[in-house]
2 protein chains.
Amino acid sequence: MTQPDSLHYLGVRDAIATRIAGGELKPGERLPSERQLQVGGGVARGTIREALFQLEAEGIIYRKDRSGWYVSPPPVVYDPTRWEGFMSYVEAQGRRPETETLSKTEIACTPALAPIFGRPVGAPMYRIRRRRSVDGRAVLVETIVVDAALAPDLLSHPLDGSLTSVLKSAYNIAVARNRVDMQPCALTRGEAEALQVKSGLPGLNVVRTSYDAQGRVVEFDREYWRHDALKISVDIRVR
Amino acid sequence: MTQPDSLHYLGVRDAIATRIAGGELKPGERLPSERQLQVGGGVARGTIREALFQLEAEGIIYRKDRSGWYVSPPPVVYDPTRWEGFMSYVEAQGRRPETETLSKTEIACTPALAPIFGRPVGAPMYRIRRRRSVDGRAVLVETIVVDAALAPDLLSHPLDGSLTSVLKSAYNIAVARNRVDMQPCALTRGEAEALQVKSGLPGLNVVRTSYDAQGRVVEFDREYWRHDALKISVDIRVR
DNA sequence: AAGTGGTCTAGACCACGCC
DNA sequence: GCGTGGTCTAGACCACTTT
């Protein structure tokens with residue numbers, strides 16, 4: 001008999017959490033399979049899974065679809081008031097960043113985008129979809145939209161680094177104001193697929209709108225982060 | 001037969017989401033019980049619950065323990081770079097804020113707090129636990145710690161409003177710098193209980209450290225938010 | 001081919017909210 | 001005291017990853 005704090009699945013949770021905290025299971029390592037975790041306990045697989053979901057919600061473990069459960073690495077710290085770019089701040093934290101461009105296309109400005117950019121529906125825009133990883137684990141997918149009138153021929157530039165610095169160096173466009181919105185969400189359909197997570201997992205939706213000194217929108221970026229990959233830190237001085 | 005996109009629980013999810021989006025079920029209203037939702041479909045209750053968990057992760061519905069499932073109201077927008085205080089910004093959004101003081105005690109500075117405040121272990125501190133609600137739904141619990149040397153007799157002041165303004169008006173302590181850390185988390189034990197949610201639900205952990213002009217920590221605040229109650233918005237001007 | 005997690009069924013009992 | 005969600009069992013089959 002497992003005999004936990006009255007609840008089986010929390011007892012199983014604690015048992016696994018203890019093995020992780022004790023260093024028996026290290027970040028990135030795989031847990032025993034669900035059926036193996038059942039062994040002596042006389043516990044149904046559903047109860048084991050309940051415990052695993054709990055640990056997943058806490059950010060302690062994560063899963064690779066149909067491959068297994070793994071111990072989560074520590075989160076990346078992100079300061080929305082700075083924009084050195086993903087690559088540099090991840091590296092500064094001693095982690096290995098990676099960016100893949102999933103697609104880059106010219107699109108016509110949609111009714112949803114028109115008011116954001118202050119441009120007519122149908123105006124040419126560039127849309128870039130990227131996936132970014134830390135230490136080989138995909139942590140976010142993003143969709144960036146840029147006004148083609150401001151940055152003609154943008155897509156011929158290298159897009160796997162900082163887009164902001166491309167805009168600065170190739171087009172002399174400087175960001176003067178940044179608006180960042182963040183909201184807990186569920187990762188569904190496309191985002192979940194790109195991050196190779198189960199649809200419905202919690203995530204963080206980060207929307208960044210960058211303006212130049214004239215108030216024009218130079219970059220509109222929607223990011224979907226794994227909920228366990230990120231820690232936000234903002235430091236503000238009062239005027 | 002329900003006949004969804006191959007997956008039963010996603011079909012059930014879509015059916016419920018449609019009823020909510022269509023206005024048949026309004027924010028704050030209760031959904032039919034899990035057993036009622038099974039009716040014609042030949043669907044197991046576990047599958048229904050899978051669909052409800054999905055909607056919960058998306059922030060579309062929430063549950064009151066053993067009472068039922070309800071349609072979520074829209075989130076509150078929170079700007080960490082401003083601190084007019086919870087009461088005023090919630091009101092500004094046309095919602096009804098509420099604050100309850102759960103406890104207020106004098107404590108001895110712990111080893112964890114000592115380096116934050118730069119004070120010796122054992123130094124007197126005040127600890128205040130509060131719960132805050134929007135339109136009658138508890139959305140966050142917080143624990144605030146203040147150095148007793150800076151604000152003697154703090155606990156005799158009214159604590160259901162803005163603590164920052166009490167510090168300002170009663171002690172002439174002004175905040176010069178604010179550090180805000182946010183991280184997705186799971187609501188467990190005490191927090192879950194205070195928010196009347198099931199332990200393990202996703203939440204957002206917000207830690208705010210406020211400094212005065214001399215660099216002293218005047219307020220250390222740890223907040224646990226329901227994941228579906230909050231939207232963060234930051235607006236930054238570049239120097 | 002074997003093993004894994006993902007989904008689903010059909011029951012059961014319990015603790016607790018609500019009336 | 002009835003109905004609710006919360007927990008749990010013991011199976012089953014499937015899609016997919018891994019070897």
Side-chain angles (χ1 to χ4, degrees), chain A residues 1-14 16 29-57 61-71 137-138 187-189 192-193 195-201, chain B residues 1-14 16 29-57 61-71 136-138 186-189 192-193 195-201:
Chain A
M1 204 66 92
T2 357
Q3 206 58 276
D5 307 309
S6 76
L7 285 187
H8 251 151
Y9 82 92
L10 288 180
V12 174
R13 186 226 88 103
D14 291 346
I16 299 173
E29 271 186 23
R30 224 190 94 175
L31 270 62
S33 80
E34 295 175 0
R35 286 163 177 97
Q36 277 166 23
L37 288 168
Q38 288 184 258
V39 290
V43 176
R45 196 175 140 224
T47 304
I48 298 286
R49 281 171 68 77
E50 194 78 6
L52 294 169
F53 295 156
Q54 174 85 20
L55 289 162
E56 180 185 47
I61 64 174
Y62 69 99
R63 42 181 153 170
K64 287 211 276 241
D65 192 53
R66 268 166 258 266
S67 150
W69 295 87
Y70 297 80
V71 180
R137 182 172 72 136
L187 303 171
T188 56
R189 294 167 245 287
E193 198 182 341
L195 292 176
Q196 293 162 289
V197 303
K198 188 173 123 33
S199 175
L201 274 191
Chain B
M1 206 65 93
T2 359
Q3 204 58 275
D5 308 309
S6 76
L7 285 188
H8 251 151
Y9 82 92
L10 288 179
V12 174
R13 186 225 88 104
D14 291 346
I16 299 172
E29 272 185 22
R30 226 190 91 172
L31 270 61
S33 80
E34 295 175 0
R35 287 163 176 97
Q36 277 166 23
L37 289 167
Q38 288 183 258
V39 290
V43 176
R45 193 175 142 225
T47 304
I48 299 285
R49 280 171 69 77
E50 195 77 6
L52 294 170
F53 294 156
Q54 175 84 19
L55 289 161
E56 180 186 50
I61 65 174
Y62 69 100
R63 42 181 154 167
K64 286 210 275 240
D65 191 56
R66 269 168 257 264
S67 152
W69 296 87
Y70 297 80
V71 179
R137 183 172 71 136
L187 303 170
T188 56
R189 297 169 244 286
E193 197 183 341
L195 292 175
Q196 293 162 291
V197 303
K198 187 175 126 24
S199 175
L201 274 190

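Naming: A, B, ... by sequence-line order, numbering from 1 per chain. Only a predicted model underlies this, so the values are computations on that prediction, with no experimental measurement involved.
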* Just by distance, with hydrogens left out, do E56(A) and W69(A) show a side-chain donor and acceptor under 3.5 Å apart? -> no
In terms of heavy-atom contacts, S199(B) and R189(B) come closest through OG-N, 3.6 Å
Taken to the nearest whole Å, CD/E50(B) to C1'/dG5(C) is 12 Å
For this session: Would you indicate what Q196(B) reaches in the nucleic acid, counting non-hydrogen atoms under 4.0 angstrom: base, sugar-phosphate, or nothing?
Result: nothing
- Counting any heavy atom closer than 4.0 Å, what does R63(A) reach on the DNA or RNA strands: base, sugar-phosphate only, or nothing? sugar-phosphate
From CD of Q38(A) across to P of dT4(C) the rounded distance in Å is 11 Å
By nearest-nucleotide position on DNA chain D, the 5'-leaning member of I48(A) and P32(B) is P32(B)
Taken to the nearest whole Å, CG/L31(B) to P/dT4(D) is 13 Å
Is there a side-chain polar atom (N or O) of T47(B) under 4.0 Å from OP1 or OP2 of dT7(C)? no
Rounded to whole Å, the CZ-C1' distance (F53(A) to dT7(D)) equals 14 Å
The salt bridge (charged side-chain N to carboxylate O under 4.0 Å, His left out) partners of E50(A) (sequence neighbours excluded) come to none
The salt bridge (charged side-chain N to carboxylate O under 4.0 Å, His left out) partners of R30(A) (sequence neighbours excluded) come to none
Residue set satisfying side-chain contact (heavy atoms from CB on, under 4.5 Å) with T47(A), at least two apart, ordered chain then number -> H8(A), Y9(A), V43(A), A44(A)
- prompt: Hey, is the side chain of R35(A) pairing donor to acceptor with the base of dG5(C) inside 3.5 Å?
  reply: yes
Double-helix bend of the helix from dA1(C)-dT18(D) to dC18(C)-dG1(D), axes at both ends from 5 pairs, round to 10°, gives 10°
Q: Could you check whether Q36(B) gets within reach of a base, just the sugar-phosphate, or nothing at all, counting any heavy atom under 4.0 Å?
A: sugar-phosphate
In whole angstroms, the gap separating C1' of dA10(D) from CD of E34(A) amounts to 15 Å
Here the side-chain hydrogen bond (donor to acceptor under 3.5 Å, both in side chains) pairs for residues 35-44 of chain A, sequence neighbours left out, are none
When rounded to whole Å, the OH to P distance for the pair Y9(A) and dT9(D) reads 13 Å
Of the listed dT9(C), dT4(C), dT7(D), the closest approach to the S33(A) side chain comes from dT4(C)
Taken in chain and number order and not counting sequence neighbours, the residues that satisfy ring-ring contact (aromatic ring centres under 6.0 Å, His included) with F53(B) are none
Can you give me the N/O atom pairs linking the protein to nucleotides 17-19 of chain D at distances under 3.5 Å, or say none if there are none?
from, atom 1, to, atom 2, distance (Å)
dT18(D), OP1, S67(A), OG, 3.4

Contacts of A186(B) meeting side-chain contact (heavy atoms from CB on, under 4.5 Å) (sequence neighbours excluded), chain-then-number -> A57(A), E58(A), T188(B)
For E29(A), the side-chain contact (heavy atoms from CB on, under 4.5 Å) test, sequence neighbours excluded, returns L25(A), K26(A)
To the nearest angstrom, the CZ-P distance between R45(A) and dC13(D) comes to 14 Å
Do the side chains of R63(B) and L201(B) get nearer than 4.5 Å, heavy atoms only?
yes
Picking from dT4(C), dT7(C), dG6(D), the nucleotide nearest the side-chain atoms of W69(B) would be dG6(D)
From CG of L37(A) across to P of dT9(D) the rounded distance in Å is 14 Å
